[in-house]
2 protein chains.
Amino acid sequence: MKHADKSAVIASRAFACSDFGTAETGLSFTRPGSGQCMKRDTILDAAARAFCRDGFAGASIDLIAAEASVSRQTIYNHYRDKEMLFGAVVGEIMERMNAALSGILTTFPEKPDNLEQELTLFAIRLGKNCTCNRDGEFLRKLIQAEGERYPELFAAWREIGPARVWSTVSDKLARLAKSGALDIDDPDLAVRQFLALVNADLQFCGLMGKTPTEKEIENAARNGVRTFLRAFG
Amino acid sequence: MKHADKSAVIASRAFACSDFGTAETGLSFTRPGSGQCMKRDTILDAAARAFCRDGFAGASIDLIAAEASVSRQTIYNHYRDKEMLFGAVVGEIMERMNAALSGILTTFPEKPDNLEQELTLFAIRLGKNCTCNRDGEFLRKLIQAEGERYPELFAAWREIGPARVWSTVSDKLARLAKSGALDIDDPDLAVRQFLALVNADLQFCGLMGKTPTEKEIENAARNGVRTFLRAFG
DNA sequence: GTCAAATTAGACAGTATTGTCTAAACCGTC
DNA sequence: GACGGTTTAGACAATACTGTCTAATTTGAC
């Protein structure tokens, strides 16, 4: 199979891999309800750590199996080959990230009592549950490292991940502008700048090679929102 | 040799690798002045592309040799082993990036006639010659992918790279604030937010998987500076 | 307890990679 | 043209990894 084709297959399966295979895939899966579903999670977890640490090429199936306390063959039973395993890991993390994003997006202040405080809380939620947690780090690292090699794998996610955040927040900012709470010309630009400001200190930490603490996330959010409101308040 | 030790050795050599080895290293180097210095550059260039594309583990010496139109043995003659080659590549790119940064930093507006325009031009220079060029992409990708594996390799650079930018621009912002051209409480924070705003649209492009065009870099700078001045002008 | 499915350890072939070594070819200088 | 250093192609051993296969064992459901 040509590489591009394979990438597309992985991508198309990435989001479906949490349901259970049948004769169609030729793979044998644990039945739902079975307690051995845990094995799948253990494998995915160990694989995520390995891929994040060593990249796709650097991660070895043997090591993943050892880290998951599982035999190598079990991995091949569940996930045909390394690329399928990679696709499953990425797909699972994207799903989890999207679920988290959905939850957070609904908490964007609509009719704010105290706009600064509510925007800050929103930014803190975003930082703690998306930008700075393990899944966020994984996606950032893997998209940067393997994004060009598996374009279809990440293209789908962009639509329902970042793009959705931007358009949703853009709408809400536009509404706040209409209500007079903010002074915004271009809501799409304002979203990008809001997120950039809120992440400014977090990227600072990232460049310095350390993951920010909870306190640092909170301060980053406060700082970002304050400046955002100085510009658009 | 233990891994940590080796990493330190690579780091300590990374910035010195552009001068010419002697009996001390046991490696045979081309004499300065010799036209065959070109080989070294060709190798470094091909290696940079390969490491950036495939990561440290994924890049193969054979492929690098082929891409550089050089025999594998020549690479081993110049750079003992893969890790040394990696260190040399990273070191060269850091040096080049630092040189570019130094030049750009001196162009930060001191006594601006038109602050917005001059800040925008500064931001454009930064985008075109650092953030968005090949070296910038390389460093971003490699620091994220291999930063944890070779901490010493990047630690030195942080001091004379990003940290220097932050402190220099911070000083200059503080001076502009003192002169009344800006209204800034915390210049260190203002630097981070300035850079975040100016890079907001560029990261947007990056997340969408495409490198920004010149026009996009210019727009990003304009947008970022305008908002920065709305907040601090 | 029985049975089917899942898991395991290990052998195994095939392939890729790193790093060394050698002998021949090459190149610039004198 | 002779010479020293450089480059080259290729053979080579050592190692690592992927993916398959098998036979034995364990596990969960009934």
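Naming convention: chains lettered A, B, ... in sequence-line order (proteins, then strands); numbering from 1 in each chain.
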Check your understanding: Between atom CZ in B/Arg72 and atom P in D/dC12, what is the gap in whole Å?
Key -> 14 Å
Revision key, fill the gap. Here the distance between atom C1' of D/dT18 and atom CG of A/Asp62, to the nearest Å, is 9 Å
Point to revise | Salt bridge A/Arg192-A/Asp188, side-chain N to carboxylate O under 4.0 Å | key: no
**Study point:** Given DNA chain D, 5'-ward residue of the pair A/Ala57 and B/Val70, judged by closest heavy atom
**Key:** B/Val70
Exercise for review: For B/Ile75 and C/dG19, give me the distance from atom CD1 to atom P, rounded to whole Å.
Suggested key: 11 Å
Exercise for review: Starting at atom CD of A/Gln73, determine the distance to atom P of D/dT26, rounded to an integer number of angstrom.
Suggested key: 18 Å
Point to revise | Whole-Å distance separating the NZ atom of A/Lys39 from the C1' atom of C/dA6 | key: 9 Å
Check your understanding: Does a nitrogen or oxygen in the side chain of B/Thr74 sit under 4.0 Å from OP1 or OP2 of D/dT8?
Key -> yes
Review point. Can you check the B/Asp54 CG to C/dA16 P distance for me, whole Å?
Key: 15 Å
**Study point:** B/Asn77 CG - D/dG4 P separation (whole Å)
**Key:** 19 Å
Practice item. Check the distance between D/dT6's C1' and B/His78's NE2 and give it to me in whole angstrom. Key: 8 Å
Exercise for review: Look at the aromatic rings of B/Phe56 and B/Phe51 and report parallel, tilted or perpendicular, splitting at 30° and 60°.
Suggested key: parallel
Check your understanding: Choosing from C/dA9, C/dT18, D/dG19, which nucleotide comes nearest the side chain of A/Ser71?
Key -> C/dA9
Practice item. Identify whether any heavy atom of B/Ala59 sits under 4.0 Å from a base atom; if not, whether one sits that close to sugar-phosphate; answer base, sugar-phosphate or nothing. Key: sugar-phosphate
**Study point:** Stepwise side chain to side chain donor-acceptor pair (under 3.5 Å) check, B/Asn219 with B/Asp201
**Key:** CA-CA 8 Å; B/Asn219 275 328; B/Asp201 291 357; over 6 Å; no
Practice item. Working to the nearest 0.5 Å, report the span between CG of A/Asp135 and CZ of A/Arg140. Key: 11.0 Å
